[in-house]
Amino acid sequence: MRRKFVAGNWKMNLNLADAKALVKAIQAGLPAKPGIDVGVFPPFVYLKSVAEVLPPSMIMGAQNCYFEAGGAFTGEVAPQMLKDVGCTWVIIGHSERRHILGETGEVLKKKVKAALAAGLRVIYCVGELLAEREANQTEVVLRRQIREALGADVTLDSVVIAYEPVWAIGTGKTATPAQAQEAHAFIRGEIANLYNGSVADKLIIQYGGSVKASNAQELMGQPDVDGALVGGASLKAVEFLGIIKGGIAAPAGGK
Ligand code: PGA
């Protein structure tokens with residue numbers, strides 16, 4: 001069975017005091033053994049302080065990393081540095097990094113490999129733009145993004161894929177559960193083609209894009225939706241706890 005994974009991507013939000021208070025408020029409402037994975041992804045500069053208040057029932061990751069281990073790369077952060085301050089995960093290929101910061105498939109592959117080599121686990125994000133969906137290109141885009149960063153030279157044991165349709169991120173327009181399920185089933189099928197059926201069956205695939213407490217359980221109740229990558233709604237403890245509750249209530253997928 002696949003364990004659900006609910007992750008809060010804080011993006012470039014909060015201040016230090018609010019970051020620590022948010023973790024404490026989530027902890028206060030979290031069952032001691034939630035039975036699902038719950039993670040927070042604070043901005044780089046707050047990671048160490050968040051690690052100091054992080055309970056054992058939660059995990060922490062970063063929103064990005066560089067692909068070199070060290071050296072003259074002004075402003076960048078190496079995967080090992082993230083481990084050093086308590087990260088066990090890193091998000092790679094978020095649509096804001098692809099479309100606002102111009103990260104290419106080639107760069108993302110290097111980042112995935114560097115993060116895994118450093119012993120971090122990776123949430124690799126994929127998702128189509130509205131224009132691509134309207135032009136019936138969703139599957140073409142997802143296949144390309146999967147193949148750009150994953151494949152024979154990347155083992156998937158420590159990789160989660162997040163399907164985040166760009167038109168649903170921060171817009172309040174959530175994919176319907178049926179649209180999410182369709183894309184997730186397609187992604188799982190692509191992974192089966194690229195690796196094999198048993199790797200595909202084990203792979204956690206999160207949905208992201210305007211997930212809220214009110215739609216979380218239905219989305220995560222889809223057979224191929226194994227969790228949520230949450231932006232805006234992860235900044236409010238009550239809302240995020242509601243999403244976690246939805247994940248706990250939704251049945252686990254897989255064999
Ligand atoms: P959102 O963002 O929940 O605010 O739509 C999701 C994400 O970008 O990970």
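These numbers come from a predicted model, not from an experiment. One-based numbering, in listed order, for ligands and for the atoms of each. Atoms considered below: every heavy atom in the structure, side chains included; atoms not considered: hydrogens, waters and symmetry mates.
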If the condition is salt bridge (Lys or Arg N to Asp or Glu O under 4.0 Å), which residues does K113 pass it with, not counting sequence neighbours?
D153

Which protein residues come within less than 4.0 angstrom of ligand 1, counting heavy atoms only?
N9, K11, H94, E164, A168, I169, G170, G209, S210, L229, V230, G231, G232

Please list every donor-acceptor pair under 3.5 Å in which a side-chain atom of residues 41-55 meets a protein atom from a residue at least two apart or in another chain.
from: K48; atom 1: NZ; to: E52; atom 2: OE2; distance (Å): 3.1

Across all chains, not counting sequence neighbours, the salt bridge (Lys or Arg N to Asp or Glu O under 4.0 Å) partners of D37 are R3

Of L120, I92, V107, the one forming a side-chain contact (heavy atoms from CB on, under 4.5 Å) with V112 is I92

side-chain contact (heavy atoms from CB on, under 4.5 Å) partner of V199, the single match among D157, I191, V159, T155:
I191

Indicate yes or no for a side-chain donor-acceptor contact from R97 to the backbone of N64 under 3.5 Å, with no hydrogens or angles considered.
no

